[in-house]
Amino acid sequence: MILYLGTIDKQINLKLYDAAGGFIDQFSRETEVNHSVELLLEIEKFLKRNKSDKTKLTGLVVAKGPGFYTGLRVGITAANAMAFALNIPIVGAGTSEDDLKRAILKLLSEKTSGFANSVVPFYDRPPNITQRKH
């Protein structure tokens, strides 16, 4: 199974595909607290809802941007860590459905079965870092 993670905005977007790239299910909702608190819990619930778990994943696709600085950072870090820990390949995708389809095809066409490269975020502009509030 292939899991897609998207955290380019205030939404958590998850999609699940079979080993041939066929669509299975999707989940989307706005975060109530923030991505770092909710993302991994939502992944676990989503996989469980589909009678699966992370050990059955054969690859990951993660939205690499452009998007919200913190959302991208959290989503890509979580995806890279999962791919490394599970020793599965990971591919970054842009924000459109066509980008996602191309990333899935790339993942399916590559003959790597383990973690080879991490995904780097694409912000499209410098981060807006504000001053600390006292």
Side-chain angles (χ1 to χ4, degrees):
M1 290 188 170
I2 298 168
L3 178 66
Y4 165 79
L5 287 81
T7 57
I8 60 170
D9 53 21
K10 292 183 180 184
Q11 299 275 333
I12 292 174
N13 295 295
L14 305 173
K15 295 181 182 184
L16 195 60
Y17 298 86
D18 63 26
F23 177 76
I24 296 174
D25 192 14
Q26 67 182 9
F27 167 83
S28 180
R29 82 166 176 79
E30 191 166 318
T31 58
E32 294 176 17
V33 181
N34 60 49
H35 294 91
S36 63
V37 173
E38 301 175 41
L39 180 61
L40 294 176
L41 295 171
E42 291 298 349
I43 291 170
E44 287 292 324
K45 288 193 291 189
F46 178 65
L47 291 173
K48 186 181 256 187
R49 180 175 93 188
N50 285 283
K51 297 175 178 43
S52 188
D53 63 52
K54 61 185 175 284
T55 62
K56 294 181 181 164
L57 296 176
T58 57
L60 289 170
V61 176
V62 63
K64 65 180 182 177
F68 285 10
Y69 177 76
T70 302
L72 282 173
R73 204 168 35 117
V74 170
I76 291 172
T77 299
N80 282 328
M82 284 177 61
F84 178 78
L86 297 170
N87 195 30
I88 57 176
I90 184 171
V91 175
T95 56
S96 74
E97 267 310 302
D98 287 341
D99 291 337
L100 173 57
K101 289 175 186 175
R102 279 191 292 277
I104 290 171
L105 286 174
K106 180 179 179 184
L107 190 66
L108 293 172
S109 67
E110 291 180 352
K111 300 302 176 198
T112 58
S113 59
F115 180 81
N117 297 307
S118 59
V119 174
V120 177
F122 170 66
Y123 298 115
D124 196 33
R125 63 185 175 276
N128 179 22
I129 300 173
T130 59
Q131 294 297 319
R132 183 176 172 200
K133 295 176 183 170
H134 298 281

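Given the structure is predicted, the values throughout are model-derived calculations rather than measurements.
In this structure, the salt bridge (charged side-chain N to carboxylate O under 4.0 Å, His left out) partners of Glu97, at least two apart in sequence or on a different chain, are Lys15. Under the side-chain contact (heavy atoms from CB on, under 4.5 Å) criterion, Thr70 pairs with Arg73, Val74, sequence neighbours left out. Here Thr55 pairs with Asp53 under the side-chain contact (heavy atoms from CB on, under 4.5 Å) rule; sequence neighbours left out. Residues passing the ring pair (Phe, Tyr, Trp, His ring centres under 6.0 Å) test with Phe46, sequence neighbours excluded: none.
Between Val61 and Ala103, the shortest heavy-atom contact is CG1-CB, 3.7 Å. Closest approach of Leu60 and Ala83 over heavy atoms only: CD1-N, 3.6 Å. Closest approach of Ala19 and Leu108 over heavy atoms only: O-CD2, 3.1 Å. When all heavy atoms of Ile24 and Met1 are compared, the pair lying nearest together is CD1-CE, 4.2 Å. The minimum heavy-atom distance between Val37 and Leu41, with the atom names listed, is O-CD1, 3.7 Å. For the pair Ala78 and Leu39, the tightest heavy-atom approach, listed with the atom from each and the gap, is CB-CD2, 3.7 Å.
Separating the CD1 atom in Ile43 from the NZ atom in Lys54 is a distance of 10.0 Å, to the nearest 0.5 Å. Within the model, atoms CD1 of Ile12 and CD of Glu38 stand 5.0 Å from one another, a figure rounded to the nearest 0.5 Å. Note that CZ of Phe23 is 11.5 Å distant from NZ of Lys101, once rounded to the nearest 0.5 Å. For the atom pair Leu72 CG and Thr7 OG1, the distance stands at 5.5 Å (nearest 0.5 Å). Leu14 CG to Phe27 CZ: the interatomic distance, rounded to the nearest 0.5 Å, is 6.5 Å.
Considering Leu100, Ile104, Asp99 in turn, Asp99 is the only one that fulfils the side-chain contact (heavy atoms from CB on, under 4.5 Å) rule with Arg102.
Residues Ile90 and Ser118 form no side-chain contact, since every pair of their non-hydrogen atoms from C-beta on lies 4.5 Å or further apart. Side chains of Leu16 and Leu57 form a contact here, defined as non-hydrogen atoms less than 4.5 Å apart.
No donor-acceptor distance shorter than 3.5 angstrom exists from the side chain of His35 to the backbone of Ile8, with no hydrogens or angles considered. For Asn80 (side chain) and Val119 (main-chain N/O), a donor-acceptor pair under 3.5 Å exists by modelled atom type.
Looking only at atom types and distance, the side chain of Ser28 has a donor-acceptor partner in the side chain of Gln11 under 3.5 Å away. Side-chain atoms of Ser52 and Asn50 include no donor-acceptor pair closer than 3.5 Å.
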Worked check of side chain to side chain contact (heavy atoms under 4.5 Å, CB included) between Ile76 and Lys64: CA-CA 7 Å; Ile76 291 172; Lys64 65 180 182 177; 4.2 Å; yes
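Phe122 belongs to no multi-residue hydrophobic cluster, having no ILVMFWY side-chain contact under 4.5 Å with any other such residue.
Listed by first and then second residue, the ring-ring contact (aromatic ring centres under 6.0 Å, His included) pairs involving residues 99-118 are Phe84-Phe115 (not counting sequence neighbours).
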